[in-house]
Asks: 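Right, I'll just put the structure down here and ask away after.
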Amino acid sequence: MGNGLVNTRDQQFVLFEQLGIEKLFTTDKFKDFSKDDVLMMHKEAEKMAVNVILPTYTEGDKEGCHLKDGKVSTPKIFKDAFQKFKEGGWMCPMESPDVGGQGIPIVVFTSYKELFAAANIAFLMYGGLTLGAAELIEKFGTEEQKNKYMYKMFAGEWCGTMCLTEPGAGTDVGSLKTAAKRLPDGTYSITGTKCFISAGDHDLAPNIIHPVLARIEGDPPGTAGISIFIVPKYKVNDDGSIGKLNDVHTGNVEHKMGLKGNATCTLNFGDEGKCVGELLGKEREGIKVMFQMMNAARLEVGMQGLGHASAAYEHAVQYAKERIQSTPVWEMKNPDAKSVSIIQHPDVRRDLMWMKSYVEGIRAMNYFAGYCMDMAKVAATKEEQEKWNGFVELLTPLCKAFSSDRGFDVCNKAIDVYGGYGYCQEYPVEQYLRDCKIASIYEGTNGIQSLDLVGRKLGQRKGANMMAMAGEIGQTVAKAKAIEDLKKYAGLLEDSSNALLELIMILAGAGKSGNFLVPILYASPFLDIFGDVLMGHFLLQAAVIAEEKLNAIYKEVGAENSKGKQRGLIRENAEVAFYAGKVASAKFFATEILPTIKGRCEAIKAGDKIALEVAEESFTI
Ligand SMILES: Cc1cc2nc3c(=O)[nH]c(=O)nc-3n(C[C@H](O)[C@H](O)[C@H](O)COP(=O)(O)OP(=O)(O)OC[C@H]3O[C@@H](n4cnc5c(N)ncnc54)[C@H](O)[C@@H]3O)c2cc1C
């Protein structure tokens, strides 16, 4: 019986069998870790997710966050859970021990985070934003700033946020109005309003440290003139204790569709002219600095999509096994036929396979991104390091946008599996859908992610990152072709990968010849195509390994030539069932989704600009 949130067997498969993360433990940086350590911590992470975070899920949604007398309250149940989360050492386990972490590989933390995200994202974000803000100070702050803020943040004593958005400056951050004025002592007076700030104000920590984007008076318009400031909610005294309120006031807590346990706030800075900020990094380099946090946050959002999808899928499978409804289609002429569990109906089963294959593919993609970050850290040469960092660059918009969009689709299908009950609050899937939606919007909408992919990421390092990824896919195709049972599916991946590569060349050509509106117009469907090809790759890569394991088991028990014996083993032996399920995911995806790639590429290649050419007046009367 699983934990109802995440298939931990699949997590371990991706870590140890698919990615082979034990390679990391042979490097100097990670030499103190072993597979046993990772598994032991994994058990602890699972306990934290199931016993501490999960109980906050429904209650947090029902109670929500409230602003009263200028103070923001979070759901009561969050207080004790946050305390336990901190005490358990989950704030920053992949940070160096020098700052309070344990130095574990990012990919390992990624797998733990999936459990936490599946249990309650609204809760997890308080710690996640704090970690991101502390990392900014670690990288760009002075020693004084580190001593003043960073250590307390890594410990979870104080929390953090990221303050970019303003009512008139969402996607277009460069049009922000928040102003900074130099003060004689080298600090800055900050005035302005930020909106939609996640974990912007709350009662889980006595101080909140805001990294705030603002323009110093006289600096140029647009992103080039933006700087970033550390603005604490409460000023910090010389001895490190908390001083007076820093003229940061909460104007509102948004009433949202989901994620109700996370306080999304409007923050007013300097209404009384007394808000003081410290420059972080150099003047006019605010966007460069903030991009570190944004890139990390984009990967984090990908994990939200995965966490929700995983939990929704696990619930849907369980429900489909238990819910008895309708007689099976093959008994349609039998008046005495008994009703069966809905997992036996082909349409439900197909939906579940769709969900299973996307969950597993998205899991592998996000873990791979984490693994690449670790590999970049331990790379022996500059070329190696560039290769691994290149994968991270290329994958960031895909992890963010594809995981959140497909994650939402998985939640949507989970509701369908539940039928009418899925639409009601007695079951958790309606909350998964509500909570999940925001992931396609914040950290740069998915439309913006696709523009980043097409406009920047494909051509980075003169296309070397993309070619390296194509090389990975090629290796998977070659390995799968060598296995009789997978040959057909390898062909389907090869065809779709070739169609993608051809499309990329055409889009690049269009961009160079001045016809740049075509790649821009089709950026979103392009990202979906690319994501699907990657799913095909990761799933088939897994299937190759699973086939090898299955064949070894069949041989050991003398079942290699008997389909009947193999079917029996699948029912009796959980490991065999698991590996057979991995092969099925890859085959299902390859036959169900990959054949659509060519047609979708053709649609883009045609380059029609109907959506642009249609008159605005024609959209509606
Ligand atoms: C619950 C929640 C939490 C949030 N947390 C934070 C936070 O912690 N910190 C923070 O700073 N912000 C946060 N945000 C803000 C979020 O990042 C923005 O909502 C988002 O960036 C989009 O900005 P906008 O809402 O103003 O939409 P707009 O910028 O008005 O965009 C509306 C639509 O137009 C599209 N669009 C706009 N410009 C372009 C363009 N140039 N090309 C193509 N399409 C375009 C967008 O893709 C979108 O589809 C949060 C928002 C919510 C709802």
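Ligands are counted one by one from 1 in listed order, and the atoms in each one are counted from 1 as well.
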Asks: With the criterion set at N/O pairs under 3.5 Å, what does the list of contacts between the protein and ligand 1 look like, atom names and distances included?
Replies:
{"from": "ligand 1", "atom 1": "5 (N)", "to": "F196", "atom 2": "O", "distance (Å)": "2.8"}
{"from": "ligand 1", "atom 1": "5 (N)", "to": "S198", "atom 2": "OG", "distance (Å)": "2.7"}
{"from": "ligand 1", "atom 1": "8 (O)", "to": "S198", "atom 2": "N", "distance (Å)": "2.9"}
{"from": "ligand 1", "atom 1": "8 (O)", "to": "S198", "atom 2": "OG", "distance (Å)": "3.3"}
{"from": "ligand 1", "atom 1": "9 (N)", "to": "M162", "atom 2": "O", "distance (Å)": "2.8"}
{"from": "ligand 1", "atom 1": "11 (O)", "to": "L164", "atom 2": "N", "distance (Å)": "2.9"}
{"from": "ligand 1", "atom 1": "11 (O)", "to": "T165", "atom 2": "N", "distance (Å)": "2.9"}
{"from": "ligand 1", "atom 1": "11 (O)", "to": "T165", "atom 2": "OG1", "distance (Å)": "3.1"}
{"from": "ligand 1", "atom 1": "12 (N)", "to": "T165", "atom 2": "OG1", "distance (Å)": "2.7"}
{"from": "ligand 1", "atom 1": "14 (N)", "to": "F196", "atom 2": "O", "distance (Å)": "3.3"}
{"from": "ligand 1", "atom 1": "29 (O)", "to": "T171", "atom 2": "N", "distance (Å)": "2.9"}
{"from": "ligand 1", "atom 1": "29 (O)", "to": "T171", "atom 2": "OG1", "distance (Å)": "2.6"}
{"from": "ligand 1", "atom 1": "47 (O)", "to": "T445", "atom 2": "OG1", "distance (Å)": "2.6"}

Asks: Decide whether Q145 and E278 meet the rule of one side-chain donor and one side-chain acceptor closer than 3.5 Å.
Replies: yes
Asks: Using 30° and 60° as the class limits, which term best fits the ring planes of F85 and F82: parallel, tilted or perpendicular?
Replies: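 Parallel: the ring planes of F85 and F82 meet at under 30°.
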Asks: Not counting sequence neighbours, list each pair that qualifies as a side-chain hydrogen bond (donor to acceptor under 3.5 Å, both in side chains) and has a residue in residues 292-301.
Replies: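 Residue pairs passing side-chain hydrogen bond (donor to acceptor under 3.5 Å, both in side chains), neighbours aside: K113-E300.
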Asks: Are side-chain N/O atoms of T161 and H210 paired as donor and acceptor at under 3.5 Å?
Replies: yes
Asks: Would Y432 and Y57 count as a ring pair (Phe, Tyr, Trp, His ring centres under 6.0 Å) here? Give the steps.
Replies: CA-CA 10 Å; Y432 289 134; Y57 191 61; 5.3 Å; yes
Asks: Please confirm whether H202 and Y126 have ring centers closer than 6.0 angstrom.
Replies: yes
